[in-house]
Amino acid sequence: MSLRYRAVRGMRDLASEAAAELRRVEDQCIAAARAFGYEEIRLPLVESTDLFSRGIGEATDIVAKEMYVFDDRRGNSLALRPEGTAGCVRACIQQGLLHNRTQRLWYAGPMFRYERPQQGRYRQFDQFGAEIFGVGGPEADAELIQMVAAIWDGLGLRDAVRLEINALGSSASRAAYGEALVAYLAPYEDELDGDSRQRLRLNPLRILDSKVESTRRILEEAPNLADYLDASERAQFDTLRELLDSLGLLYRVNRRLVRGFDYYTHAVVEWVAEGIGSQDAVCAGGRYDGLIELFGGRPTPAAGFALGIDRVALLLREVADASAEASAACSAGALSYSAADVHVVMQDRKYMPAAMAAAQALRVRVPGLRVRMDAGGGGLSAQFRRADRSGACWAMIVGEDEIAQNRVSLKWLRANRPQVTASMDEVAAAIRESQAQD
RNA sequence: GUGGACGUAGCUCAGUCGGUAGAGCUCCGGAUUGUGGAUCCGGCGGUCGUGGGUUCAAACCCCAUCGUCCACCCCA
């Protein structure tokens, strides 16, 4: 089909069920964050370009070639945020949120990266993030992992993801290791793949997670990052592992796990899913103790994660866990998705005022109930057909007899129960009772 | 940014040797004037992604372009 206008590349329209799937993931994330005592922070989508290039790192791919950068009318260079942490830290410093106290925050919203689109990777995509400031111990890292695990549990995805962790050490030990790695790799420079050769100068740690077979072979004998951690860094990581063990949170230590942003230090984590293609990282994060100071704040320990809402929704769809869907108000024969619980039909269009009044009366009596008016006209037969296809559990009927008796009729569309004609209060009570059973 | 596959109705797709476009689903109406799901009948719906070329003739062949998907890459 030929279109006059279409959404720009990599940016999607998500209607009805697709939107509901994202909403479900986001709601679950927010519920978990609230349960852990995190507070919401709302942040701008646009920041100074400089914030990201300094914070994330000039040499990272995200900054070097994936940011949406533009000048405003005064010539200031601005960027659409490619991730949430930098802006969150900036806001915390600007608003004095870190002064003399710990802070736990969450946010959700769109991020922008100019990448080649494919499944699970879009130029505008939604992330949920949580950050904890002022807690230097591994209990902060463990708490964040516990929260993410709670999100998986809430979505029935615990078995669909696996956790990998690693310790990068302080920026000092990280730098020392980087030098050692470069020294080891330098003689092999000609044998490395092109990307890795470039990173040798720009960002040597990133070579570690190269997928190129020849490069991986060279790396087999490379110095081990773990050997460059000092005693306290090693102890911190061990404590984190003990915490996770005692909480029953499974993980795998991956010594090759390196994050794409420069600000990470110490513990880094990545949750990986299977079955959603090559874009399989659904959640990742770690500690970034140096970033607040880099942005001009007082040195403050910090850790956080970001979760890809789109990817988790995709995973949810792949897993299609039949047992996990329990939200429907009428279980028997319920469709997996519907926009309304009650579909209001009327004997004739002339009863529209009475039908609309009845619909609102029902909404008021049963909070949260989704009551939708029939639209489209036609006889009762057509209206009931639409009611059925809408996925609603009930049809509420308003007709001549009902109006004369000041009553309405309620028909169960998914359960084998007789239709009733009763007062609005009685109908509302019947619906509430039916919902309570499911 | 690199490589590959693919773009036909709202959706999923068929379309032979180049001869001027079809099915199923959806939606609407009817069989059924106060009752849905099954069945049957009918209807709405298309610049064949776009632009150019070859040809008497292009959904089909050629070129370009845009888009989608997959992999690389990147990352959530």
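Throughout, protein chains are lettered first and strands after them, A, B, ... in sequence-line order, and every chain is numbered starting at 1.
Rounded to whole Å, the distance from CD on A:E66 to P on B:A76 is 10 Å. Nucleotide B:C73 holds its P atom 16 Å from the CG atom of A:N203, rounded to whole Å. We find that OH of A:Y263 is positioned 11 Å from C1' of B:A76, with the value rounded to whole Å. A:D13 has its CG atom 15 Å from the P atom of B:G67, to the nearest Å.
Side-chain contact of A:E143 with A:Y38: a donor-acceptor pair under 3.5 Å is present, judged by distance alone. Side-chain contact, A:Q127 with A:Y107: no donor N or O sits under 3.5 Å from an acceptor N or O. Looking only at atom types and distance, the side chain of A:S434 has no donor-acceptor partner in the side chain of A:Q437 under 3.5 Å away. Side-chain contact check for A:Q118 and A:S278: at least one donor-acceptor pair (N or O, by modelled atom type) lies under 3.5 Å.
As judged by a 4.0 angstrom heavy-atom cut-off over every strand, A:R113 is placed among the base-contacting residues. Nucleic acid contact for A:A284: sugar-phosphate only, since backbone atoms but no base atoms lie under 4.0 Å from a heavy atom of the residue. In this structure, A:F125 reaches the bases: a heavy-atom distance under 4.0 Å links it to at least one base atom across the strands shown. Residue contacts shown for A:G120 include a base, since a base heavy atom lies under 4.0 Å away. Note on A:Y351: nothing from the nucleic acid sits closer than 4.0 angstrom, heavy atoms only. Nucleic acid contact for A:G84: none, since no nucleic acid atom lies under 4.0 Å from a heavy atom of the residue.
Rounded to a whole angstrom, the distance from the C1' atom of B:C61 to that of B:G45 is 30 Å. Only the P atoms considered, B:G34 is 27 Å distant from B:C40, to the nearest whole Å.
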Quick test: give all pairs of protein nitrogen or oxygen and nucleotides 2-6 of chain B nitrogen or oxygen below 3.5 Å, distance rounded to 0.1 Å.
{"from": "B:U2", "atom 1": "O4", "to": "A:R116", "atom 2": "NH1", "distance (Å)": "2.8"}
{"from": "B:G3", "atom 1": "O6", "to": "A:R116", "atom 2": "NH2", "distance (Å)": "3.2"}

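With contacts defined as side-chain heavy-atom distances shorter than 4.5 Å, the pair A:W271/A:I145 qualifies. Between A:W412 and A:N416 the shortest side-chain heavy-atom distance does not fall below 4.5 Å.
The side chain of A:Q279 contributes no N or O atom lying less than 4.0 Å from OP1 or OP2 of B:C75.
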- request: Represent RNA chain B in dot-bracket notation, 5' to 3'. Only Watson-Crick or G-U wobble pairs with both distances under 3.5 Å count; pseudoknot-style crossings use [ ] and interstrand partners use |.
  value: (((((((..((((.....[..)))).(((((.......))))).....(((((..]....))))))))))))....
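Every pair passing salt bridge (Lys or Arg N to Asp or Glu O under 4.0 Å) that includes a residue from residues 78-90 of chain A is listed here, sequence neighbours excluded: A:E47-A:R90. Within the structure, the salt bridge (Lys or Arg N to Asp or Glu O under 4.0 Å) test picks out the following pairs touching residues 342-363 of chain A (sequence neighbours left out): A:R349-A:D374.
Across the interface with RNA chain B, nearest-nucleotide mapping of A:E270 and A:Q118 shows A:Q118 to be the residue nearer the 5′ end. Taking the nucleotide of RNA chain B with the nearest heavy atom to each of A:D61 and A:G10, the more 5' of the two is matched to A:G10.
Looking at A:R197, its side chain does come within 3.5 Å of a backbone N or O of A:E189 through a donor-acceptor pair.
For the side-chain contact (heavy atoms from CB on, under 4.5 Å) criterion with A:V342, the lone passing option out of A:V371, A:V427, A:L413 is A:V371. When each of A:R317, A:R12, A:R121 is checked for a salt bridge (Lys or Arg N to Asp or Glu O under 4.0 Å) with A:D310, only A:R12 meets the rule.
Residues satisfying the side chain to side chain contact (heavy atoms under 4.5 Å, CB included) criterion with A:V46, sequence neighbours excluded, are A:F70, A:L78, A:L80.
When the nucleotides B:C69, B:G67, B:C72 are ranked by their closest atom to the side chain of A:Y122, B:C69 comes out on top. Here the nucleotide nearest the side chain of A:R206, chosen from B:A76, B:C75, B:C73, is B:C75.
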query: In the 5'-to-3' direction, what one-character label does each nucleotide of nucleotides 31-38 of chain B receive under the scheme B = base within less than 4.0 Å of a protein heavy atom, S = sugar-phosphate only, - = no such atom?
result: -B-BBBB-
